[in-house]
Amino acid sequence: MDQRSSLTPPPALEEIEAAVGSTDYEVSLVSLNQWQLAWRRFKRHRLAVFGSILFLTICAIAVIGPFIIPFDFYTIPEPLKFCVGSTVLRAASGCPPSINHILGTTGGLQRDLLTLVVNGARLSLTIGIGASATAAILGTIVGGVAGYFGGWLDNILMRIVDVMLSLPLLFVILVVAKFLGGGNWFVVMLVFAVFGWQGIARLVRSLFLSLRSEVFVDAARAVGVNDRRIIFRHILPNAVSPIIVAMTLSVASVIVGEAFVSFLGFGVDITQPTWGNILSNSLSFIPLGNWWWPLFPGLAIVFTVLGINFMGDGLRDALDPRSRD
Amino acid sequence: MLKFIVRRALGAIPVLFGLSIILFAFLRLLPGDPAIAILGQHATPELIARIHQSLGLDRPLYIQYIDYINGLLHGDFGYSIINGRSVLADFALRFPGTIELTVGALIFAVGLGLPLGRLAARHPNGWLDGLVTVVSLFGISIPIFVLGYLLVFIFAVQLHWLPATGQIDPRLGLEPQTNFVLIDAILAGRWDAFVDGLRHLVLPAIALGTIPLAIVTRITRASVIDVSNEDYVRTARAKGLTERRVNSRHIMRNAWLPVTTVIGLQVGGLLGGAVITETVFSWNGVGSWVVDAIQNHDYFVVQSSILIFALIFLLVNLIVDIGYAFLNPRIRYG
């Protein structure tokens, strides 16, 4: 791993004067490793910092939110006849945001929308992060093996990747979700992982192909380092940055993908809320003017994806400065 | 050039072959039985056996597969087990709708994305550039159906400017000939129907085209900035060419390359997005047809339609590759 040195931030003027006045002025050299350098570049990227804060806030809400909000997800509220401040009999089709229910209530069971959206965050994020992480591991293994060993193995693996990449992913996911009994969030997550690793496999393969012929790999081999150690200690650490970037961005696309699948009626069932299925349940109420019901889960998705995209953009610039756009 | 095309076309054959095997195995390994899908609650073991026999599902898998491939090579993509219609005929009936939608979205994305990208590239890191970047990242982040319903809510439900669903007002009584609504309207010489078709197309095209719009904008921006820093651009300016001429002949000429590739790559994504858009806008296209087939366990329709989709995807990629090689001679000999 390359060690670069860099100056610490310049000392304040009075410090310099004090130093020059008394003894020798000393420049302290601090060496930063590549992660520290990347962190520096990342911090300078305003949008990326904003995106990370946004995303981490949403994660925090998902983790602690359900303990704080006043309504429990598993108790269904007493049905009301009237909405707060209204005498029109319309509570059954949902109430707009009010003091009691700051995001409004849903139609039908009149659930508190805030409770649903906050609880939905847990599953949506779990599916997004879980599927992306699994896919990244699968893709790294397949791509690494193909790129490092090459030959017929590479050929077979890459043809499989070609075939899977030319499948219309959405349809395949729908088919699997339908036949394996969607409704279960774990199945939905697995489906996204199993059909989401091909892009990363291609990326990792190309990285391994080029790193394999680097001088430091030759050097390692010359001193008798075995394949396993070369892969894990010499090549993989150099390939990690693009993998992290690709994985981050794929979290966003899985969250949107899950929403699509739920929207088309093949996703997780409503006893386990995700942003996707809260949204898809709201759609038949749109003609009634229930704008709040689709709006808030929709915004949750938009902000999460936006946060991740900003963050991924910044990560790419910070970790992998050569590959901008 | 011809050699390049032939080589690329031949390269697609093993992929297609692999696809057919995967799809075939896939649908048979998954739990579920077409006979039960047909019979529903009336299923008895004898009836199930009879249906298996009539569909040929009682034969060994490899014979079924050979039969399937044989059919495919003769242009027989199978029949729906729900209504007995030919998959290919239904596909031909529905596909024009999807093409219209996709082309509409592409025109929106490219027509707006190119100028926006060039505008942002004029002063890199200026406020306009920042605005375009933020807006385009927003565009990438909105799920199609959220945007779709938002558009419907604003422009159809609240403002009544544009129709919410469908491809054309059925009261206009336009006779389908090609199944392309807009082409049918032109063929029939019906100006009113043409305008109505266009009005129906606007919202779905925007919903579907927003993500490609954002991507085209970003790539155009990056590519224009990249080329603007080349030595030959400075030379062109130094020898006194007008800014317009430098832009059109020196910068855009070269900036086009990555942009075309990305536009081509978007077509695959557009076909996927079309499924969602068609559902939101009750658009009569292939996407909603396949979703219905999956919902109804219509095995042969699912199997063949996914294969046709993959075929189209490969074909589009091939055309993009050829187009790219045509524009950039260095690729051909790579």
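These numbers come from a predicted model, not from an experiment. Each chain gets a letter, A, B and so on, in the order its sequence line appears, and its residues count up from 1.
Contacts with chain A were tallied for B:V290, B:V134, B:I144, B:V280; B:V290 has the most, counting heavy-atom pairs under 4.5 Å. Of the residues considered (B:V146, B:I276, B:L314, B:V15), B:I276 shows the highest number of contacts with chain A, using heavy-atom pairs under 4.5 Å. Comparing A:V172, A:T304, A:N309 by heavy-atom pairs within less than 4.5 Å of chain B, the highest count is held by A:N309.
In this structure a side-chain-to-backbone donor-acceptor pair under 3.5 Å is present from B:T279 to B:V275. In terms of modelled atom types and a separation under 3.5 Å, the side chain of A:S132 and the main chain of A:V251 share a donor-acceptor contact.
Nearest heavy atom pair, residue A:M189 against residue A:T126, reads SD-O, 3.7 Å. The heavy-atom pair separating A:W275 from A:A300 by the smallest distance is CE2-CB, 3.6 Å. Of all heavy-atom pairs between A:L116 and A:I278, the closest is O-CD1, 3.4 Å.
Of the atoms belonging to A:V256, it is side-chain heavy atoms, and not backbone ones, that fall under 4.5 Å from chain B. For A:A252, no part sits under 4.5 Å from any heavy atom of chain B, backbone or side chain. At a 4.5 Å heavy-atom cutoff, the contact between B:F138 and chain A is made by backbone and side-chain atoms alike. With a 4.5 angstrom heavy-atom cutoff, A:L165 touches chain B only via backbone atoms. Both the backbone and the side chain of A:L264 come within contact range of chain B, with heavy atoms under 4.5 Å apart. Interface remark: A:L279 contributes side-chain atoms only to the contact with chain B (heavy atom separation under 4.5 Å). Contacts between B:I294 and chain A at a heavy-atom distance below 4.5 Å involve backbone atoms as well as side-chain atoms.
The residues A:D154 and A:R159 are annotated as not salt-bridged, no charged nitrogen and carboxylate oxygen being separated by less than 4.0 angstrom.
Around CZ of B:F95, the count of heavy atoms belonging to other residues, nucleotides or ligands within 6.0 Å exceeds 12.
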